[in-house]
Visitor: 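Below is one structure. I have some questions about it.
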Amino acid sequence: MESDAAVNENLRLQFRALQEQQQKRLQRLVERKREKYEGDKKPDAFGVQDQLNLLQTDTGASQETGIRLLEDENEQLRGQIRELQDENGRLHKLLKEKEFEIKHLRKKVEDNKIALAGDSPPTVMT
């Protein structure tokens with residue numbers, strides 16, 4: 001049971017680290033887009049103002065894209081967590097089976113030792 005708690009705590013720490021990485025990645029992406037947007041503001045060529053705003057990006061769309069990217073990443077991480085939990089469950093089941101086999105074999109060895117020592121109760125042959 002202690003190993004379960006340790007494994008769960010380790011998974012929580014890994015998940016938190018991944019969330020922090022995601023936030024940092026999103027912040028860097030937003031900063032790059034902001035720098036690009038600010039870098040695109042050039043003085044008017046030939047004194048003519050650009051009223052078409054073709055070079056300006058829609059901040060609402062970029063935020064939606066960023067949110068969508070984060071949601072996709074979160075879904076991938078949730079999938080990985082589900083896979084790890086499934087694998088963890090399978091490993092625990094296998095461990096229980098092996099522990100049962102070991103217990104059974106130890107009991108068998110003990111019975112054989114007793115039988116070889118001649119201390120076993122007499123068996124009735126039919």
Side-chain angles (χ1 to χ4, degrees):
M1 294 300 167
E2 292 176 13
S3 64
D4 288 344
V7 168
N8 286 338
E9 184 61 29
N10 188 15
L11 287 174
R12 281 190 205 107
L13 292 175
Q14 289 177 356
F15 185 69
R16 284 184 196 146
L18 287 172
Q19 284 180 326
E20 290 172 4
Q21 287 176 353
Q22 279 183 311
Q23 286 181 342
K24 288 178 184 178
R25 192 176 306 138
L26 180 63
Q27 287 175 351
R28 278 186 265 140
L29 180 67
V30 170
E31 287 174 9
R32 283 188 210 139
K33 287 188 178 187
R34 187 177 299 137
E35 289 172 0
K36 183 179 178 184
Y37 176 73
E38 290 173 0
D40 286 343
K41 291 184 180 178
K42 297 177 183 175
D44 297 332
F46 305 108
V48 178
Q49 294 182 350
D50 179 16
Q51 295 177 352
L52 297 177
N53 297 327
L54 296 176
L55 298 177
Q56 295 180 356
T57 58
D58 184 16
T59 56
S62 64
Q63 287 177 350
E64 289 177 17
T65 304
I67 290 171
R68 233 178 292 130
L69 289 173
L70 281 178
E71 288 173 351
D72 290 343
E73 271 188 87
N74 281 340
E75 189 59 37
Q76 288 176 346
L77 290 174
R78 285 186 189 110
Q80 289 176 350
I81 288 172
R82 279 191 298 271
E83 289 174 9
L84 288 173
Q85 287 174 337
D86 290 345
E87 184 176 352
N88 192 25
R90 286 190 296 272
L91 290 174
H92 278 288
K93 183 178 178 182
L94 181 63
L95 177 66
K96 295 294 182 187
E97 290 174 4
K98 294 300 178 184
E99 286 175 347
F100 177 77
E101 289 177 16
I102 290 170
K103 183 180 175 183
H104 179 70
L105 290 173
R106 284 185 180 157
K107 184 175 180 179
K108 192 174 182 179
V109 166
E110 188 63 32
D111 290 344
N112 287 342
K113 284 182 184 179
I114 292 172
L116 288 175
D119 294 339
S120 64
T123 58
V124 177
M125 299 189 78
T126 55

Visitor: Would you give the length of the straight line joining atom CG of Leu18 to atom CG of Asn74, rounded to the nearest 0.5 angstrom?
Guide: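 If we round to the nearest 0.5 Å, Leu18:CG and Asn74:CG are 10.0 Å apart.
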Visitor: Quick one: which residue pairs count as a salt bridge (Lys or Arg N to Asp or Glu O under 4.0 Å) with a foot in residues 9-18, not counting sequence neighbours?
Guide: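 Every pair satisfying salt bridge (Lys or Arg N to Asp or Glu O under 4.0 Å) with a residue in residues 9-18: Glu9-Arg12.
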Visitor: Taking atom CG of Asp4 and atom NE2 of His92, what is their separation to the nearest 0.5 Å?
Guide: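 Going from the CG atom of Asp4 to the NE2 atom of His92 covers 3.5 Å.
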Visitor: Side chain to side chain contact (heavy atoms under 4.5 Å, CB included), that's the test. Do Arg68 and Glu64 meet it? Break it down for me.
Guide: CA-CA 6 Å; Arg68 233 178 292 130; Glu64 289 177 17; 4.0 Å; yes
Visitor: I would like to know whether Leu69 and Arg25 meet side chain to side chain contact (heavy atoms under 4.5 Å, CB included); could you show each step before the answer?
Guide: CA-CA 11 Å; Leu69 289 173; Arg25 192 176 306 138; over 6 Å; no
Visitor: Quick one, Arg34 and Val30 - any side-chain contact, counting heavy atoms below 4.5 Å?
Guide: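 SC-SC contact between Arg34 and Val30 confirmed.
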Visitor: Check the hydrophobic clustering (I, L, V, M, F, W, Y; side-chain heavy atoms under 4.5 Å; chains of links allowed) and say if Val7 and Leu91 are grouped together.
Guide: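 No, Val7 and Leu91 fall in different hydrophobic clusters.
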Visitor: What is the distance from atom OG1 of Thr65 to atom CG of Leu29, rounded to the nearest 0.5 Å?
Guide: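 Separation between the atoms: 9.0 Å.
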Visitor: Can you list the residues that meet the salt bridge (Lys or Arg N to Asp or Glu O under 4.0 Å) rule with Glu71, with sequence neighbours excluded?
Guide: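 Expected list: none.
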Visitor: Of all the heavy-atom pairs spanning Leu70 and Gln22, show the shortest one and how long it is.
Guide: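 Shortest heavy-atom contact: O-NE2, 3.9 Å.
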Visitor: Quick one: list whatever passes side chain to side chain contact (heavy atoms under 4.5 Å, CB included) with Arg90, sequence neighbours left out.
Guide: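 Side chain to side chain contact (heavy atoms under 4.5 Å, CB included) check on Arg90 returns Asp86, Glu87.
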Visitor: Are Lys24 and Arg28 close enough that some pair of their side-chain heavy atoms sits under 4.5 Å apart?
Guide: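 They are in contact (side-chain heavy atoms under 4.5 Å apart), so the answer is yes.
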Visitor: Nearest 0.5 Å, what's the CD-CG distance between Gln85 and Leu11?
Guide: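 Going from CD on Gln85 over to CG on Leu11, the span is 7.5 Å.
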Visitor: I'd like to check the salt bridge (Lys or Arg N to Asp or Glu O under 4.0 Å) partners of Lys98; sequence neighbours left out, ordered by chain and number.
Guide: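 Lys98 satisfies salt bridge (Lys or Arg N to Asp or Glu O under 4.0 Å) with Glu101 only.
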Visitor: Rounded to the nearest 0.5 Å, how far apart are CG of Leu77 and CD of Gln14?
Guide: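 Reported to 0.5 Å precision, the distance equals 11.0 Å.
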Visitor: Quick one: pull up CD1 in Ile67 and CG in Asp72 and give me the separation to the nearest 0.5 Å.
Guide: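 Nearest 0.5 Å value for the CD1-CG distance: 12.0 Å.
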Visitor: Quick one: list whatever passes salt bridge (Lys or Arg N to Asp or Glu O under 4.0 Å) with Arg82, sequence neighbours left out.
Guide: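 Expected list: Glu75.
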Visitor: Leu95: which residues meet the side chain to side chain contact (heavy atoms under 4.5 Å, CB included) condition with it, sequence neighbours left out?
Guide: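 Applying side chain to side chain contact (heavy atoms under 4.5 Å, CB included) to Leu95 gives Glu99.
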